[in-house]
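In what follows, a structure is listed as C-alpha cells, so that the remarks can point back to it.
Just so it is clear, the model here is predicted, and its values are computed rather than measured. One-based numbering along the sequence shown.
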Amino acid sequence: MPIQVIDERQGLHPRINRQLLQRGVCRQLLSELKLPEKSLSLVLLTDTQMAAYNQQFRDKEGPTNVLSFPAAFPEEAHAALCGDLGDVLISVETAQREAAAKGLSLMARLVQLTIHGVLHLIGYDHERSQEEALAMWDKEQQLFAQIFQTRRHTMPHLAVNVDHVATLRQARGAAEPDPVLAAGICELAGARGIVVHLREDRRHIQDRDVHLLRQTVKTKLNLEMAATKEMIALASEIKPDLVTLVPEKRQELTTEGGLDVAAHQKKIASAVAKLRKAGIQVSLFIDPEAEQIQAAAEVGATHVELHTGRYCDAASREDEDQEFVLLRNAAELAAASNFIVNAGHGLDYRNTTRIAAIPEIDELSIGHAIVSRAVLVGMDQAVREMFAVISQAGQAG
C-alpha cells in the first residue's frame, strides 16, 4: 500500500526531505508497528493552514503541531480501502519552533510528531487517562530510538590536509618540503586519510603531487576541487578514493564558505554524475543547513562535509554554542539521510573536542592547525597530538 508525504506549503522554506520521511520514517514506523501493509498520508502544512483545520474540525483557534484523522470506512468497504490508516497533519512552522526550543534538528522533531500522529491513528490516546498517556509516551520513545538511531560508537577518523606543506614549498619555488613525504608521515602517525585541494591557480598543491599521492597513499585520498570540466577530467583519470566538491574563488586565502548546492543544483548534479560514473565517491562541502543537505541528497552525493568555519570563528561562547547546535543538528539530519558525514575547516587543538564528540561525524579534515604545530614539534608529533584530542572526545561521546 502507498505511503504519501505531501507538502502543501507551496515551496516555502525550510525544504523538507520528503523521500526521507516516506522511506526512512513512515515505512520503517509501520514496519516496527507490524503494519507494513497499511497505507498512510503525511501532510506538511503552514501554521495558517493548520489553524484552518483546527478551526474546522476542533473548533479551536490557532495552529497545533500535529493532527490525526483516522480513516473511517463502512463495513462493506473494499478491503483495499480498509488498509488505509488515515492522515497525519504536521505544521512545519510549529515543529521548527519546538525543535529550536528542545535543541533538536527539525527532522528529529518531525519524526517525533509523525510517531505521535500515527499512534493516534492506531488507537493510542493520551487524553483518556494518565495510564494511557504514559503508555503512549513510552511507545513514542521506543519508536523514536528505533527509527532515528544513528549514533556512532567509535571516534571519528582523522584526515590530514597537507596543502600548507605545499604552500611553504611554493613560497621559495623549491622542492621542499614535499607534501607527498609529509602525507606518508601523517599516515604512519595514525591519520586515516590524506586531503589535498588542487586549486585552479595551483597556488600550493600541484598536479605532480596528486599523481604521486594516488600512487603512495595507503589509507584514503580525498581530492578537494571545484566542479569544473578540467578538474572532473583530471579526477576521472587519477581516481582518488573520494572527491570533495568545494566553492573556489581566486582572491580568497582559503575556502570561505560551503558550496551552495541548492542554487547550483543542475551543474553540481552533472559533476556528481560524471564522477560517480568514473567510480569515484563524491562529497559536497556545505554549510550546516537543512536546505543544503536536502539538495545534496537530490544531486546524488555519497558524503557531505559540514563546514565548521563559523563555529571556529565565533567571537563569543554564546555564538560558538549556537554554531555548535547547528552543526550537531545538521550532522544528525545528514546521517539520517544516509550520508557519510565529515566535517572540517578551521579546526584546531582547542576547538576540535566538541565537534569530535558529535556521534554522527565519521571523519574530521584538519590541515592548517596540524601543519602549524608541525613547524614546532614535527609532523609526526603534531598528528599524534591531534589524534589524542579526537580520541579523548570520541571516548567521552
(request) Give me the ring orientation class for His204 and His164: parallel if the planes are under 30° apart, tilted from 30 to 60°, perpendicular past 60°. (result) perpendicular
(message) Using the rule that Ile, Leu, Val, Met, Phe, Trp and Tyr join whenever any side-chain heavy atoms are under 4.5 Å apart, tell me whether Val160 and Met386 fall into a single cluster.
(response) yes
(message) Using a 3.5 Å distance criterion without hydrogens, assess whether the side chain of Asp138 forms a donor-acceptor pair with backbone atoms of Ala135.
(response) no
In a table with atom names and distances, give each donor-acceptor pair under 3.5 Å that connects a side chain of residues 287-297 to protein atoms at least two apart or in another chain.
from   : atom 1 : to     : atom 2 : distance (Å)
Asp287 : OD1    : Gly258 : N      : 3.1
Asp287 : OD1    : His307 : ND1    : 2.9
Gln292 : OE1    : Val261 : N      : 2.8
Gln292 : OE1    : Ala262 : N      : 3.2
Gln292 : NE2    : Asp260 : OD1    : 3.0
Gln294 : OE1    : Asn17  : N      : 3.1
Gln294 : NE2    : Glu298 : OE2    : 2.5

(request) Report yes if the side chains of Val118 and Val88 come closer than 4.5 Å at any heavy-atom pair, otherwise no. (result) yes
(message) Between Glu385 and Ala382 (side chain of the first, backbone of the second, donor and acceptor by atom type, cut-off under 3.5 Å), is there such a pair?
(response) no
(request) State, without any angle test, whether Asn222 and Thr244 hold a side-chain donor-acceptor pair at a distance under 3.5 Å. (result) yes
(message) For the backbone of Ser236 and the side chain of Lys239, can you confirm whether one donor and one acceptor N or O come within less than 3.5 Å of each other?
(response) yes
(request) Could you tell me whether a side-chain N or O of Ser372 sits under 3.5 Å from a main-chain N or O of His368, the two making a donor and an acceptor? (result) yes
(request) Flag yes if more than 12 heavy atoms outside Phe69 fall under 6.0 Å of its CZ atom; otherwise flag no. (result) yes
(message) What I want to find out is whether Glu230 reaches Arg202 closely enough, with some N-O distance under 4.0 Å, to be called a salt bridge.
(response) yes
(message) Salt bridge check, Arg97 against Asp47: does any charged N sit closer than 4.0 Å to a carboxylate O?
(response) yes
(request) Side-chain contact test, heavy atoms from C-beta onward, threshold under 4.5 Å: evaluate it for Cys186 versus Val383 and give yes or no. (result) yes
(message) Between Ser129 (side chain only) and Glu132 (backbone N and O only), is there a donor and an acceptor less than 3.5 Å apart?
(response) yes
(request) Output yes when Asp7 and Arg9 qualify as a salt bridge under the 4.0 Å nitrogen-oxygen rule, no when they do not. (result) yes
(request) Apply side chain to side chain contact (heavy atoms under 4.5 Å, CB included) to Leu245 and Met225, showing your working. (result) CA-CA 5 Å; Leu245 296 179; Met225 64 183 218; 4.0 Å; yes
Pairs of donor and acceptor atoms involving the side chains of residues 173-182, under 3.5 Å and at least two apart or interchain, shall be tabulated with distances.
from   : atom 1 : to     : atom 2 : distance (Å)
Asp178 : OD1    : Val180 : N      : 2.9
Asp178 : OD1    : Arg208 : NH1    : 3.1
Asp178 : OD2    : Arg208 : NH2    : 3.1

(request) Tell me, with the steps shown, if Thr94 and Asn65 meet side-chain hydrogen bond (donor to acceptor under 3.5 Å, both in side chains). (result) CA-CA 6 Å; Thr94 298; Asn65 51 15; over 6 Å; no
(request) Using the rule that two of Ile, Leu, Val, Met, Phe, Trp, Tyr join whenever any of their side-chain heavy atoms come within less than 4.5 Å, decide whether Ile185 and Leu168 are in one cluster. (result) no
(request) Nearest 0.5 Å please: distance from the CD atom of Gln22 over to the OG atom of Ser41. (result) 10.5 Å
(message) Any heavy-atom pair between the side chains of Ile6 and Leu44 that's under 4.5 Å?
(response) no
(message) Would the distance check show the side chain of Tyr311 and the main-chain N or O of Asn351 forming a donor-acceptor pair, the cut-off being under 3.5 Å?
(response) yes
(request) Supply the atom-to-atom distance Phe285 CZ to Glu248 CD, rounded to the nearest 0.5 angstrom. (result) 12.5 Å
(message) Are Leu213 and Leu158 linked, directly or through intermediate hydrophobic residues, by side-chain heavy-atom contacts shorter than 4.5 Å (ILVMFWY only)?
(response) yes
(message) On a heavy-atom basis, which atom in Val43 and which in Glu8 lie closest, and how many Å separate them?
(response) CG1-CG, 3.6 Å
(request) Say whether His345 and Glu305, considering side chains only, have a donor N or O and an acceptor N or O under 3.5 Å apart. (result) no
(message) Test your reading of the model: is there a side-chain donor-acceptor pair from Ser91 to the backbone of Pro63, 3.5 Å cut-off?
(response) no
(message) If you count heavy atoms of other groups shown closer than 6.0 angstrom to CZ of Arg350, is the number above 12?
(response) no
(message) Looking at Lys102, I want to see if its NZ is surrounded by more than 12 non-hydrogen atoms of other residues, nucleotides or ligands under 6.0 Å.
(response) no
(request) Please assess Ser316 against Asp319 for the test side chain to side chain contact (heavy atoms under 4.5 Å, CB included), listing each intermediate value before the final yes or no. (result) CA-CA 5 Å; Ser316 67; Asp319 289 345; 3.3 Å; yes
(request) Enter the distance from Ile370:CD1 to Asn161:CG here, rounded to the nearest 0.5 Å. (result) 9.0 Å
(request) May I ask you to check whether Gln112 and Arg109 show a side-chain donor-acceptor distance below 3.5 Å? (result) yes
(request) Indicate yes or no: at least one non-hydrogen side-chain atom of Val217 is less than 4.5 angstrom from one of Glu187. (result) yes
(request) Please collect all ring-ring contact (aromatic ring centres under 6.0 Å, His included) contacts where either partner lies in residues 84-122, sequence neighbours excluded, each pair once. (result) His116-His120, His116-His126, His120-His126
(request) Using a strict 4.0 Å threshold on nitrogen-to-oxygen distance, state whether Arg192 and Glu363 make a salt bridge. (result) no
(request) Can you measure from CD1 (Ile361) to CZ (Arg328) and round to the nearest 0.5 angstrom? (result) 11.5 Å
(request) Side-chain contact test, heavy atoms from C-beta onward, threshold under 4.5 Å: evaluate it for Val66 versus Leu89 and give yes or no. (result) no
(message) Within the structure provided, determine whether Leu21 and Met107 are in side-chain contact (heavy-atom separation under 4.5 Å).
(response) yes
(request) For side-chain hydrogen bond (donor to acceptor under 3.5 Å, both in side chains), just list the numbers for Asn54 and Glu61, CA-CA rounded to whole Å, side-chain angles, deciding distance to a tenth of an Å, and then say yes or no. (result) CA-CA 6 Å; Asn54 246 349; Glu61 293 187 0; over 6 Å; no
(request) Would you mind checking if Glu320 and Arg354 are paired as a salt bridge, meaning a charged N to carboxylate O distance below 4.0 Å? (result) yes
(request) Please list, chain by chain and in numerical order, all residues satisfying salt bridge (Lys or Arg N to Asp or Glu O under 4.0 Å) with Arg27, sequence neighbours excluded. (result) none
(message) Within the 4.5 Å heavy-atom criterion, are Val246 and Leu259 side-chain neighbours or not?
(response) no
(message) Around atom CZ of Phe324, are there more than 12 heavy atoms from other residues, nucleotides or ligands closer than 6.0 Å?
(response) yes
(request) State yes or no: do Val304 and Ile16 share one hydrophobic cluster built from I, L, V, M, F, W and Y residues joined by side-chain heavy-atom distances below 4.5 Å, directly or via other members? (result) yes
(request) Can you spot which of Arg199, Gln206, Glu200 makes a side chain to side chain contact (heavy atoms under 4.5 Å, CB included) with Arg203? (result) Arg199
(request) Could I get the full list of side chain to side chain donor-acceptor pair (under 3.5 Å) partners for Arg276, not counting sequence neighbours? (result) none
(request) May I ask you to decide if Ile340's main-chain N or O and Asp362's side chain share a donor-acceptor pair within less than 3.5 Å? (result) no
(message) Working to the nearest 0.5 angstrom, can you tell me the gap between Leu188 CG and Arg384 CZ?
(response) 8.0 Å
(message) Strictly distance-based, threshold 3.5 Å: is any side-chain N or O of Ser68 a donor or acceptor partner for the main-chain N or O of Gly117?
(response) yes
(message) Quick test of your reading: applying salt bridge (charged side-chain N to carboxylate O under 4.0 Å, His left out), list the pairs with at least one residue in residues 155-171, sequence neighbours left out, ordered by first then second residue.
(response) Arg169-Asp209
(request) May I ask you to decide if Val195's main-chain N or O and Glu224's side chain share a donor-acceptor pair within less than 3.5 Å? (result) no
(message) Do Leu45 and Ile90 have side chains that approach each other closer than 4.5 Å (heavy atoms only, starting at C-beta)?
(response) no
